[in-house]
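Taking it in order: structure first as structure tokens, then the write-up.
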2 protein chains.
Amino acid sequence: MAGDFYSSEGDAVLREAGLRVTRQRQAIVRVLFEAEDHPDAEQVLVRARDKDASVSQATAYRTLGALADKGLLHRHMFDGGVTRFELATRPHHDHLIDVESGEVMEFVSDEIECLQRRIAAEYGYDIVAHRLELYCKKRRS
Amino acid sequence: MAGDFYSSEGDAVLREAGLRVTRQRQAIVRVLFEAEDHPDAEQVLVRARDKDASVSQATAYRTLGALADKGLLHRHMFDGGVTRFELATRPHHDHLIDVESGEVMEFVSDEIECLQRRIAAEYGYDIVAHRLELYCKKRRS
DNA sequence: TTTAGTGCAAACCTTTTGCATGGCT
DNA sequence: AGCCATGCAAAAGGTTTGCACTAAA
């Protein structure tokens, strides 16, 4: 049931990207739909192999790259070193990272979005994309 | 004259980091003081060799890494793939990147800084660091 | 003199790619 | 059938590290 749902959703994403629907890609996209975190390629690979053991590293990277290039997936590099992925179908948000636990939270601020556009405009620019990350420590008071 | 100035400033930075003052490191730090852009390790290396041909790749990476770890240098990963450096002694600012020319501009917005702190506080957090990058295209109107 | 820094080259790690085979459409 | 996708393994690109030697303190 849940599997069917994700599977169909996933197939749609793949077709939208102009990619053929293969077992391996279905496994990868399902992992992305089920992910509640921001997995990197290695984690996606491991989880996808749980669904279909035949998924190779090359296919994981190629599929993630293709989906990201088509704009269906967002790439993040929170720490540096590893690229993390997130479905672009999710509503826009920025990230708050707990530097002690590594937990990543999401937030939205229309005020900040608005200020960003104003700043870009002052320089004569239009924003194509932006990245806002807050690295934080839990307040102990 | 200018050389002496930068040299002294550089020596101070190195001592502050608890590092020994060597010719190679002096060359590297001077490059950072003179840089008006956000060079990556490779660029720092090339420019440093211009001042002292004996600077090796290993020393460039080791020195940049040590200074960054000590907080005297900021690391950026604007595009993904390459780490770029910037002296931390410079006043705080965020970045606006022209995606067509690659040019990096700097800006400050007290309003945004303030909103960020407020958002973190809502989650019970204090901001340790943040990253705000606006990827933009020149407005053609 | 002691201890940290250096260059060189090899090792690392994540990501990409060439190639022959396999499988959507 | 045709063309795209796959797995494997090798390559690439940036960064790190082991080691014997050199130089700052």
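Letters go in sequence order (proteins before strands), and every chain restarts at 1. Side chains are part of it too, since the values below use all heavy atoms of this structure and drop only hydrogens, waters and symmetry mates.
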message: Using the side-chain heavy atoms of A/Ala58, tell me which of these nucleotides is nearest: C/dT17, C/dT15, C/dA9.
response: C/dT17

- prompt: In terms of side-chain heavy atoms of B/Leu19, which of D/dT15, C/dG5, C/dT17 is nearest?
  reply: C/dG5

Grab the [atom1]-[atom2] distance between [X] and [N] for me, whole Å please.
X	N	atom1	atom2	answer
A/His76	C/dT14	NE2	C1'	19 Å
B/Arg49	C/dC8	CZ	C1'	11 Å
A/Leu64	C/dT15	CG	C1'	11 Å
A/Leu45	C/dT16	CG	P	14 Å
A/Leu73	C/dT15	CG	P	13 Å
A/Lys70	D/dC4	NZ	C1'	12 Å
B/Gln57	D/dG18	CD	P	16 Å
A/Gln24	C/dT21	CD	P	18 Å

Hey, does the side chain of [X] come within less than 4.0 Å of [N]'s phosphate (OP1/OP2), counting only N and O?
X	N	answer
B/Tyr61	D/dT15	yes
A/Arg25	D/dA5	yes
A/Thr22	D/dC4	no
A/Arg20	C/dG23	no
A/Thr83	C/dT15	yes

task: For B/Met77 and for B/Arg62, find the nucleotide of DNA chain D with the closest heavy atom, then tell me which residue's nucleotide is more 5'.
output: B/Met77

query: For B/Arg75 and A/Ser56, take the nucleotide of DNA chain D holding the closest heavy atom to each; which residue's nucleotide lies nearer the 5' end?
result: A/Ser56

- request: Keeping to residues at least two apart or across chains, list the side-chain hydrogen bond (donor to acceptor under 3.5 Å, both in side chains) pairs with something in residues 62-74 of chain B.
  value: B/Asp69-B/Arg75

Side chain to side chain contact (heavy atoms under 4.5 Å, CB included) partner of A/Leu96, chosen from A/Glu106, A/Glu103, A/Met105: A/Met105

message: Over all strands shown, is A/Gly81 touching base, sugar-phosphate only, or nothing at heavy-atom distances under 4.0 angstrom?
response: sugar-phosphate

query: Any side-chain donor-acceptor pair under 3.5 Å between B/Glu86 and B/His38?
result: yes

- request: Tell me yes or no: between the side chains of B/Asp52 and B/Gln24, is some donor less than 3.5 Å from an acceptor?
  value: no

query: Does the ring centre of A/His130 sit less than 6.0 Å away from the ring centre of B/His95?
result: no

